[in-house]
Structures are given as C-alpha cells and as structure tokens.
Amino acid sequence: MRVFDHPDFDDHEQVVFCSDSESGLRAIIAVHDTTLGPALGGCRMWPYASDEEALRDVLRLSRGMTYKSAMAGLPLGGGKSVIIGNPRTGKSEALLRAMGRNVERLNGRYIVAEDSGTGVPDIQAMATETAHVSGIFEKPTADGGARNGDPSPATAYGVFVGLKAAVRHRLDRGDLDGLTVAIQGVGSVGAHLARHLREAGARLWIADIDREQVRRVAEELDAVPVGVDEIFDLQVDVFAPCALGAILNDDTVARLNAPVVAGAANNQLAVAHHGRALFDRGILYAPDYVINAGGVIDVHYERAGYDHGRVLRHIESIGGTLAEIFERSDAERLPTAAVADRIARQRIENARAR
Ligand code: NAD
C-alpha cells in the first residue's frame with residue numbers, strides 16, 4: 001500500500017495504523033496539520049472494501065478538517081480517524097475502548113468526535129480511556145433546555161445560514177419565501193436543514209434511500225418526495241447535497257438545473273476540477289468545508305466553554321465568510337472552491353510564519 005506517494009497524501013504530519021487483536025480493532029488515525037491547534041475530527045466507522053479505501057478516506061477527510069477549521073477561524077488543526085468495520089454489527093465496548101487508547105497515545109494531538117457510523121455512546125466509550133474527546137457533552141439550548149453532544153443541529157443551522165448567503169449573492173434575494181430547494185439526504189443534518197427552510201417559507205423536494213425517513217420528513221414538512229436519481233434534474237433554485245461525498249461529478253454537474261449548490265455533505269466535488277465545471281456552468285457552489293463548519297464550531301465550544309449565544313454568532317459568521325469567497329470568485333474569475341482553498345492555505349501559512 002502506498003502512503004507517502006499516495007495521491008491524497010498532503011504532507012500529513014502523522015498517519016497511525018492501529019490494531020488490537022483482542023477486540024479486532026483495525027483503524028487509521030490521520031493528523032494532517034496542527035499549525036493552528038490540536039487536530040480535531042470525527043471517527044468514521046465503515047465496512048471499507050480494502051485498507052487502501054480506508055486510507056484514502058482518512059487522508060482526504062483529515063485534510064478537509066484542517067481547511068474547515070482554518071476557514072471557521074477556530075484554533076484547531078485537522079485530523080480524522082476511520083475504523084474498518086460494520087457500524088451495525090462490528091462494534092463492541094472492547095473495540096471502542098481500544099480505539100480510545102490509541103487516541104490517548106497521541107497525547108492530545110488528535111481529538112476524536114462522532115462521524116458517520118459513530119454516535120455519542122461510542123465516543124463516550126472511548127472517553128473511558130482518553131480525555132481527548134469532544135461532541136459528547138450536554139449543552140444548554142436557547143429555550144433553556146439541554147441537548148447531548150450531537151453536532152448535527154449546529155451543522156444544519158450553519159448550512160441554512162450559508163444557503164441564504166448563496167441565494168442572496170446568486171439570486172439577489174434577501175428572503176426565502178417560495179424559494180425552491182431539492183435536498184439529497186434527509187438524515188440528521190438534512191432533516192434539520194429542511195425544518196429551517198420550511199420555517200423560512202421555502203418549498204422542498206427531498207430524496208433519500210431510506211424510504212421511511214423520506215415519508216416521515218415529507219409528511220412533517222409538506223415536502224415532495226422524489227427518486228434518488230431524479231433529485232439532480234429538478235428545476236429548483238437550490239440543490240442541497242446532505243448525503244454522500246463525490247456527488248458532484250461529470251454526470252451530475254452536467255445535469256443540474258439549479259443555479260446554487262449549498263449543502264452539508266463532505267467532499268462533494270468528485271475531483272477538484274468539478275469546481276471549475278460548476279463555475280463554467282454558472283452554478284454558484286458553496287464550498288463544502290466552509291458551509292458545513294457549524295458542527296465543528298459547536299464541538300469546539302464544548303471544550304472551550306459553551307455559551308449558546310456565542311456559538312450561534314460564530315456559526316452565523318459562515319454567511320460572511322461565504323459572501324467574501326463569492327465576491328472574490330466573481331472578481332478573479334476563479335471557482336469558489338479554489339478561492340476557499342487559497343484563503344485556508346494562506347491562514348495556515350500566516351500562522352506558521354508567526
Ligand atoms: P446521516 O447518515 O444522518 O444522513 C445521511 C442521509 O443520506 C441518510 O438518511 C441516508 O439514508 C441518506 N442517503 C445515503 N445515500 C443516499 C443517496 N444515494 N441518495 C439519497 N440519500 C442518501 O448523516 P448526517 O450526519 O446527516 O450527515 C450528512 C452529510 O453531511 C454527510 O456527508 C456528512 O459527512 C456531512 N456532515 C455532517 C455533519 C454533522 O454534524 N452530522 C457535519 C459536517 C458534515
């Protein structure tokens with residue numbers, strides 16, 4: 001297996017292969033960059049077909065976290081971990097604790113949180129072995145209640161704010177009343193986003209491979225359920241990808257009929273040049289790691305002192321960051337993704353030079 005000359009290897013500071021024969025743990029932790037602070041990023045559990053596939057995912061995701069935190073103005077670096085296994089059948093207390101011990105061995109250079117395939121109880125199990133965890137603490141809410149560490153509502157709020165900034169820029173609209181939005185994936189983030197949009201008066205089309213979930217959300221929000229392939233072709237104002245990565249590819253970019261793409265999914269561009277393809281088609285793309293930073297902002301404040309108003313204000317700054325990216329993209333005739341990458345790299349370089 002290639003590591004140092006892997007196409008997704010980007011001078012990662014550390015790539016740690018972890019195994020524990022007793023529990024069957026096979027995992028990889030990638031610490032991409034700690035210039036701005038400790039590398040915070042979720043732990044994904046997935047039945048990867050090969051070690052190579054797991055390595056590719058963790059290299060790409062950890063780099064994405066460096067850029068995400070840099071663009072969100074957080075004192076954090078980028079890291080991520082993957083456990084190779086089926087999240088439904090492959091978890092045990094012993095395996096999660098073994099993962100916690102591996103996180104502990106990095107002495108705080110990596111802070112673990114939830115990702116696809118792991119939830120609050122899993123990170124709590126890891127926390128019995130390490131203090132370098134986040135995304136699990138109870139937090140106060142605006143209505144005086146409390147909620148657990150799940151960052152999805154914060155991510156969805158950030159996407160909502162970012163989507164509004166994109167609509168303002170591309171469609172010159174200050175309100176969402178009657179705006180038409182197609183949401184791909186109405187899981188944790190997609191469903192919360194759908195609620196925000198509905199409340200603001202938008203009309204929704206939704207698709208999900210989980211038919212029961214589509215039915216529930218459609219009924220709750222008076223949304224129109226559509227097929228998982230059909231969602232790309234709709235004549236709507238906004239396409240909001242909230243399911244998988246790599247969904248902006250040669251096929252789908254050519255098919256999209258929406259002038260704005262703004263959604264939560266990580267790694268939406270199949271290959272970097274799809275950012276240019278969207279730009280050339282006149283589609284305004286809100287770079288994924290900028291618009292979906294609400295979750296990492298929320299998780300950061302769990303460790304830095306949680307104040308609901310402060311967290312909301314920080315998440316709302318995503319709108320201003322995107323507006324700046326959109327303006328520079330117009331002025332320099334550069335795809336928005338390229339502009340975001342450049343700003344993020346610059347912030348890290350500046351910190352390194354200090
Ligand atoms: P989730 O698993 O709760 O929801 C994803 C939904 O997408 C599920 O309902 C699933 O059935 C559906 N789906 C899967 N394949 C699909 C397909 N081909 N077509 C339509 N629907 C499909 O995950 P989530 O936490 O809501 O995250 C959604 C996306 O946002 C992921 O890409 C995730 O990496 C990203 N993200 C999430 C967070 C967070 O705080 N949860 C933060 C940043 C980024």
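Every number for a ligand or one of its atoms is a count from 1 in the order of the listing. Computed over heavy atoms, backbone and side chain alike; hydrogens, waters and symmetry mates excluded.
Salt-bridge formation is not detected for the pair R2/E52: no Lys NZ or Arg NE/NH1/NH2 atom is positioned less than 4.0 Å from an Asp or Glu carboxylate oxygen.
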Give the C-alpha distance, both sets of side-chain angles, the deciding distance and a yes or no for salt bridge (Lys or Arg N to Asp or Glu O under 4.0 Å) between E114 and R44.
CA-CA 7 Å; E114 304 92 344; R44 179 167 290 193; over 6 Å; no

Between D172 and R168, is a salt bridge (Lys or Arg N to Asp or Glu O under 4.0 Å) present by the stated rule, with each step listed?
CA-CA 5 Å; D172 202 16; R168 195 173 303 120; over 6 Å; no

Go through R352 and E349 one step at a time and tell me if the salt bridge (Lys or Arg N to Asp or Glu O under 4.0 Å) criterion holds.
CA-CA 5 Å; R352 214 170 263 151; E349 282 310 314; 3.0 Å; yes

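Inspection of the D33 and H12 side chains reveals no N or O donor paired with an N or O acceptor under 3.5 Å. Side-chain N/O atoms of K68 and N266 include a donor and acceptor closer than 3.5 Å. Side-chain atoms of D288 and Y67 form no donor-acceptor pair, as typed in the model, at a separation below 3.5 Å.
Among P153, G187, A264, P241, the residue whose heavy atom lies nearest to atom 4 (O) of ligand 1 is G187. Nearest residue to atom 6 (C) of ligand 1 from D229, V296, N266, D208 is D208 (criterion: closest heavy atom). Looking at S188, A293, A113 and measuring to atom 1 (P) of ligand 1, the nearest heavy atom belongs to S188. Summarising the contacts of atom 32 (O) of ligand 1 with A154, G245, A243, the nearest heavy atom is found in A243.
If you look at V228 next to ligand 1, the close heavy atoms, those under 4.0 Å, all belong to the side chain. Contacts of T155 with ligand 1, taken as heavy-atom pairs under 4.0 Å, involve the side chain alone.
The protein heavy atom nearest to atom 37 (C) of ligand 1 is V189 CG2, 3.9 Å. The nearest heavy-atom contact from the protein to atom 18 (N) of ligand 1 is L244 CD1, 3.5 Å. The protein non-hydrogen atom at the shortest distance from atom 5 (C) of ligand 1 is C242 O, 3.9 Å. The protein heavy-atom contact nearest to atom 17 (C) of ligand 1 is I209 CG2, 3.7 Å.
Less than 4.0 angstrom separates atom 23 (O) of ligand 1 from none of the non-hydrogen atoms of the protein.
Proximity to G185 (heavy-atom distance under 4.0 Å) selects the following atoms of ligand 1: 7 (O), 21 (N). Proximity to R44 (heavy-atom distance under 4.0 Å) selects the following atoms of ligand 1: 34 (O). Ligand-side atoms of ligand 1 in range of A265: 29 (C), 30 (O), 32 (O), 35 (C), range being under 4.0 angstrom from any heavy atom.
Residue A207 comes nearest to V226 through the heavy atom pair CB-O, 3.5 Å, listed as atom of the first residue, atom of the second, then distance.
The closest approach between a heavy atom of G295 and any atom of ligand 1 is not below 4.0 Å. The closest approach between S152 and ligand 1 falls below 4.0 Å for a heavy atom of the residue.
Taking the ring centroids of H192 and Y157, they lie at or beyond the 6.0 Å cut-off.
For the side chain to side chain contact (heavy atoms under 4.5 Å, CB included) criterion with C43, the lone passing option out of V58, V82, I83, D115 is I83.
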